[in-house]
Asks: 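This is the structure I have questions about; it appears just below.
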Amino acid sequence: MTELATQAQTLLALHTDPALLKVVNVWDAISARVVSEVEGVTALATASHSIAAAYGYEDGENIPVELMIEAVGGIVAATDLPVTADLEAGYGNPRETTLRAIGVGVVGCNLEDQLKPLDEAVSAVEAVLDAAQQEGIDFVLNARTDAFLKAGDKPHDEVLADAIERGRAYLAAGAPVVFVPGKVSEDDIKAFVDAWGPQKLTLIGAPGSVPLARMEELGVARVSYGPFSQSVALMALQDLTTDIVAGGGLPSDFRVLN
């Protein structure tokens, strides 16, 4: 078995374990190394929004796919942990983009459905999994539905039903987990787990989210933090700048990390 196949199996096992997988998203080599060095961290996830921002691009597949893959490759090279990449909606070619990502050492990915027609979204899921099968790895596709993010004024019960239907279709197509970003309540989580089974749902951590311990009790597979981790780092930088402009200096708990 290749090292890549072993890492893919490790990442899959982390998702199927009843313990909640907690993943802090990174955007470059130094953030990957700093997060990897924290005791208890078992896997890394990239954040497409954060990588795009680091290069001066708006989120939403505005960054050239070659540059995104190059950045992801730098993250993989900076850690020994398995890495899952945010590949947005596949940059126009989910299969080819997945092959490129696997080529730089990625063993899982997020894929957005952007609320495209369900048959089209399922075809994209199948394309990613076909690429992974070609490479001989148990690729951890975190099939994302934007039902909650793009709900607008749609009644909540309809949004929930749509998300459940889409998730069922992605799981049936072979995706091991389904990602539902957005404001998700405890009752929503229960509905997803009832519909899909435990360790099939992944969520994003945000202010006001269901507590992590409760997510674990309810059977959530994974929680990640998208661009929020980069915002926390940028907050620290901006706060430092404010202190220095006011005549202060480095914080009392300063430590060298790079």
Side-chain angles (χ1 to χ4, degrees), residues 7-27 31-50 75 79-86 107-112 140-149 151 156 159-160 163-164 166-167 170-171 175-236 253 257:
Q7 284 207 326
Q9 287 193 346
T10 297
L11 184 62
L12 182 60
L14 289 169
H15 284 77
T16 57
D17 192 299
L20 178 67
L21 173 59
K22 303 162 191 169
V23 183
V24 174
N25 299 70
V26 298
W27 57 92
S31 61
R33 185 172 65 78
V34 167
V35 171
S36 295
E37 289 174 352
V38 175
E39 185 176 355
V41 172
T42 55
L44 295 185
T46 75
S48 64
H49 186 139
S50 301
I75 289 167
T79 182
D80 293 327
L81 299 176
V83 175
T84 177
D86 182 351
V107 292
C109 82
N110 289 1
L111 185 74
E112 304 168 4
V140 183
L141 172 55
N142 193 28
R144 169 176 150 173
T145 176
D146 291 323
F148 273 64
L149 283 182
H156 183 76
V159 174
L160 180 62
I164 287 174
R166 287 173 173 273
Y170 304 153
L171 293 169
V177 283
V178 176
F179 182 30
V180 187
K183 189 175 181 180
V184 177
S185 71
E186 184 168 321
D187 285 342
D188 295 330
I189 293 174
K190 291 176 181 177
F192 287 128
V193 174
D194 285 346
W196 303 336
Q199 278 67 60
K200 298 296 183 183
L201 170 65
T202 79
L203 298 172
I204 190 165
S209 292
V210 174
L212 299 186
R214 184 59 177 148
M215 287 187 190
E216 182 170 289
E217 290 173 358
L218 293 170
V220 175
R222 157 179 148 191
V223 62
S224 56
Y225 290 84
F228 298 139
S229 50
Q230 187 184 56
S231 288
V232 170
L234 294 175
M235 284 169 57
D253 60 352
L257 294 177

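Note that the structure is a prediction, hence the values are computed from the model and not measured.
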Asks: Taking Thr84 for the side chain and Ala45 for the main chain, is one N or O donor matched with an acceptor at less than 3.5 Å?
Replies: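 No, Thr84 side chain to Ala45 backbone: no donor-acceptor pair under 3.5 Å.
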Asks: Going by atom type alone, with no hydrogens or angles, which donor-acceptor pairs under 3.5 Å involve a side-chain atom of residues 221-228 and a protein atom two or more places apart or on another chain?
Replies:
| residue | atom | partner | partner atom | Å |
| --- | --- | --- | --- | --- |
| Arg222 | NH1 | His15 | NE2 | 2.9 |
| Arg222 | NH2 | Asn110 | OD1 | 3.4 |

Asks: Which pair of heavy atoms, one from Trp27 and one from Ser50, lies closest together, and at what distance?
Replies: CB-CB, 3.6 Å
Asks: Of all heavy-atom pairs between Ala43 and Leu14, which one has the smallest distance, and what is that distance?
Replies: CB-CD1, 4.0 Å
Asks: Would you say that Leu141 contacts Pro176 through its side chain, given a criterion of any heavy-atom pair below 4.5 Å between the two side chains?
Replies: yes
Asks: Which atoms form the tightest heavy-atom contact between Thr79 and Ser36, and what is the distance?
Replies: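 Closest approach of Thr79 to Ser36, heavy atoms only: OG1-OG, 2.9 Å.
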Asks: To the closest 0.5 Å, what do you measure between CE (Met215) and CG (Leu21)?
Replies: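 Nearest 0.5 Å value for the CE-CG distance: 12.0 Å.
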Asks: Working to the nearest 0.5 angstrom, can you tell me the gap between Ile204 CD1 and Phe148 CZ?
Replies: 14.0 Å
Asks: If I compare all heavy atoms of Ala85 with all of Thr46, which pair ends up nearest, and what's the gap?
Replies: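 Where Ala85 meets Thr46 most closely, the heavy atoms are CA-OG1, 3.3 Å.
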Asks: Nearest 0.5 angstrom please: Asp188 CG to Glu186 CD, how far?
Replies: 10.0 Å
Asks: Sub-3.5 Å donor-acceptor pair from the side chain of Arg166 to the main-chain atoms of Asp146, do we have one?
Replies: no
Asks: Donor-acceptor pair, Ser229 side chain versus Asn25 backbone, under 3.5 Å?
Replies: yes
Asks: Give me the one residue out of Leu149, Val177, Leu111 that meets side-chain contact (heavy atoms from CB on, under 4.5 Å) with Arg144.
Replies: Leu149
Asks: Report the distance from atom CG of Leu81 to atom CD1 of Ile75, rounding to the nearest 0.5 Å.
Replies: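 Reported to 0.5 Å precision, the distance equals 12.5 Å.
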Asks: If we ignore hydrogens and angles and just use 3.5 Å, is the side chain of Asn142 paired with the main-chain N or O of Cys109 as donor and acceptor?
Replies: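 No, Asn142 side chain to Cys109 backbone: no donor-acceptor pair under 3.5 Å.
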Asks: Quick check: do Ile189 and Val184 have side-chain heavy atoms less than 4.5 Å from each other?
Replies: yes
Asks: Which atom pair, heavy atoms only, marks the closest approach of Ile164 to Ala195?
Replies: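 Shortest heavy-atom separation between Ile164 and Ala195 comes out as CG2-CB, 3.6 Å.
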Asks: Any side-chain heavy atom of Lys200 sitting closer than 4.5 Å to one from Val178?
Replies: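 The answer is no, as the side chains (C-beta and beyond) never meet within the 4.5 Å cut-off.
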Asks: How long is the straight-line distance from CD of Glu112 back to CZ of Phe179, given to the nearest 0.5 Å?
Replies: 9.0 Å
Asks: Output the distance between atom CG (Asp17) and atom CD (Glu216), rounded to the nearest 0.5 Å.
Replies: 8.5 Å
Asks: For Leu20 versus Val220, what's the shortest heavy-atom pair and its separation?
Replies: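 The answer is CD1-O, 3.5 Å.
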